[in-house]
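Everything quoted here is computed from the prediction, not taken from an experiment. Counting starts at 1 for both ligands and their atoms, in listed order.
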Amino acid sequence: MNKAWWKECVVYQIYPRSFYDSNGDGVGDLPGITQKLDYLKELGIDVIWLSPVYKSPNDDNGYDISNYQDIMDEFGTLADWDNLLAEMHKRGIKLVMDLVVNHTSDEHPWFQESRKSKDNPYRDFYIWRPAKDGREPNNWRSIFGGSAWQLDEQTGEYYLHLFTKKQPDLNWENPRVREEVFKMMDWWLQKGIDGFRMDVINMLSKVPGLPDAPVQNKDRYQFGGRYFINGPRLMEFLTEMKQKVLSRYDILTVGETPFVTTQDAIEIANEQTGALKMVFQFEHMDLSAETGAGIGTTQPRRLSDLKTVMSRWQKDLENQAWNSIYLGNHDQPRSVSQFGDDRQYRVESAKLLATFIHMLQGTPYVYQGEEIGMTNVAFESIEDYRDVATLNMYREAVEEKGADPNQTLKIVHAKSRDNARTPVQWDSSAQAGFTAGTPWIKVNPNYKEINVTAALADPDSVFHYYKKLIQLRRDNPVIVYGSYDLILDAHEEIYAFTRTLENERLLVILNFSKNSPVFELPENIAFSSAELLISNYAVDADEDIRQFNLRPYEARVYRLG
Ligand code: GLC
Ligand code: CA
């Protein structure tokens with residue numbers, strides 16, 4: 001396997017609005033990030049992926065951009081951004097920017113022009129269609145609810161928006177759109193950034209004719225994914241982007257690609273011919289929920305399904321493409337609440353999940369607050385929620401479909417994207433030390449117990465465990481490059497696998513349950529001695545690892561002799 005820095009690094013995602021507020025207006029900002037760089041350096045991460053910081057009216061917290069080459073007022077100025085980058089590079093930390101080019105804000109000058117008249121030079125920058133039989137051009141549902149089409153009075157035509165109506169989709173069929181986007185990307189790369197995370201990048205190409213989606217339920221609007229996910233010209237657009245921009249820089253690129261299969265990933269992120277370095281897949285996240293909506297079913301995930309999905313990604317991509325590994329981000333509930341136990345075994349299970357993401361083959365992504373084991377929140381009123389997807393879904397469920405408000409609020413508690421967007425808990429002072437003012441969204445009431453200051457002071461904290469894992473990864477190429485093999489395939493509580501590089505082999509044992517299952521090392525795994533590299537419990541030095549009882553959420557990694 002080819003070596004590369006973007007395979008060896010650990011990425012930390014910052015959602016700036018909720019990271020740290022430096023001026024007391026209640027909103028996190030760029031100077032706030034700069035002030036906390038030493039904390040991140042201490043953690044040991046190599047790269048920061050910054051969620052969007054561009055000019056935006058914030059209908060979707062910056063994922064609706066009105067100027068790609070300037071900074072959102074609330075976050076600071078371009079000078080603040082230059083300073084942040086300089087301070088990062090000074091500390092050896094790289095910067096990956098979010099690239100949101102499936103859509104812009106409706107307040108972007110391109111759209112302002114586009115909507116003026118049917119013959120405006122920017123008309124074709126977006127996807128306009130006349131009404132069909134007196135209503136929307138097709139039956140597509142917006143990912144955030146309602147129709148994916150909005151009638152614009154000025155010209156009497158509809159424009160397509162796969163997300164909110166303030167996020168009109170760009171028309172990638174238009175070569176001028178592609179040229180403008182490539183120019184903008186180049187502008188940021190020239191400023192010295194180290195890569196892009198590409199928002200819903202596999203939705204750029206829509207099937208010509210925009211056919212109606214198959215009807216799957218009684219709803220008026222239907223999910224049209226088959227006509228815009230991995231569409232017919234996607235690879236062509238990405239290849240052009242690679243030729244004209246990406247290939248000229250040594251950068252990390254990661255595509256956010258909902259509904260992607262391993263076969264798609266091998267094409268998009270191929271070691272030899274791929275346009276991108278890696279993609280985010282969603283199969284493991286979707287095991288217990290519908291995607292995109294922020295609200296879905298809440299049925300529990302089965303460990304056997306998690307093993308099947310992750311093992312397929314590990315094995316299918318081996319030597320072909322590179323995995324990105326994550327359990328949380330700004331669109332998902334907190335990982336310890338989703339995959340672990342955020343009460344009795346919060347610390348143990350957060351460490352187990354950390355072991356999991358660092359020990360798989362691929363680049364690990366840590367989401368802000370995960371390194372101290374931050375949890376979901378359960379606000380008592382829908383009024384306390386801010387996420388447009390959550391609010392739309394709640395309204396649709398309660399007002400249009402007559403769902404029970406309390407029941408719906410329970411689903412919000414489990415699934416809302418705001419679970420990940422409450423402010424980072426820095427200390428036990430008012431507002432968790434996030435702001436001197438009133439935060440834009442309430443802090444999680446558990447901040448007195450769970451916060452950075454407490455984590456730094458406690459050598460057994462989740463933070464110090466992450467730090468150790470990151471260092472281990474740096475010291476042991478087998479953790480980065482070793483091949484993955486599942487063992488104990490059928491065990492219902494233990495997820496165990498080996499990592500092998502030449503004659504070095506690691507054994508990773510993870511008890512994903514509150515029980516104490518017996519671990520028995522399979523006969524075919526030969527070892528003479530085993531060195532414990534890390535564990536989330538105290539371990540007896542001369543314990544026989546052929547057979548022992550694991551404690552709740554116990555995680556161990558051994559180097560086999
Ligand atoms: C991606 C982002 C999400 C955003 C959506 C529309 O899924 O991660 O936060 O709402 O795209 O841009
Ligand atoms: Ca601020």
Report task. Measure from NZ or CZ of Lys183 to the centre of the six-membered ring of Trp187, then state whether that distance is under 6.0 Å and the direction lies within 45° of the axis. Result ->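 Checked: cation-pi criterion not met.
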Looking just at side-chain N and O atoms, do [X] and [Y] make a donor-acceptor pair shorter than 3.5 Å?
X	Y	answer
Tyr249	Asp186	yes
Asn58	Glu74	yes
Asp342	Thr375	no

Query raised in the report: Any Lys/Arg nitrogen of Glu107 or Lys166 sitting under 4.0 Å from an Asp/Glu carboxylate oxygen of the other?
Result: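 Yes, charged N to carboxylate O under 4.0 Å.
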Query raised in the report: With the threshold set at 4.0 Å, does a side-chain nitrogen-carboxylate oxygen contact exist between Glu396 and Arg141?
Result: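 Yes, Glu396 and Arg141 are salt-bridged.
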Query raised in the report: Hey, which residues fall under 4.0 Å of ligand 1 on heavy atoms?
Result: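 The answer is Asp60, Tyr63, His103, Phe144, Phe163, Gln167, Arg197, Asp199, Val200, Glu256, His330, Asp331, Arg417, Arg421, counting any residue whose heavy atom sits under 4.0 Å from ligand 1.
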**Report entry** Tally, protein N/O/S atoms nearer to the Ca ion (ligand 2) than 3.0 Å
**Finding:**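 Of the protein's nitrogen, oxygen and sulfur atoms, 5 lie under 3.0 Å from the Ca ion (ligand 2).
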Query - Residues which pass side chain to side chain contact (heavy atoms under 4.5 Å, CB included) with Ile193, listed by chain and number, not counting sequence neighbours - result: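 Side chain to side chain contact (heavy atoms under 4.5 Å, CB included) check on Ile193 returns Trp81, Leu95, Met97, Trp188, Leu189, Phe196.
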Requested in this report: Could you tell me which residues satisfy side chain to side chain contact (heavy atoms under 4.5 Å, CB included) with Pro16, sequence neighbours excluded, listed by chain and number?
Outcome: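 For Pro16 the side chain to side chain contact (heavy atoms under 4.5 Å, CB included) partners, ignoring immediate neighbours, are Ile14, Ile33, Leu50, Ser51, Val53, Phe75.
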**Report entry** Backbone N/O of Gly62 and side chain of Asp64: donor-acceptor pair under 3.5 Å
**Finding:**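 Side chain of Asp64 to backbone of Gly62: a pair is present.
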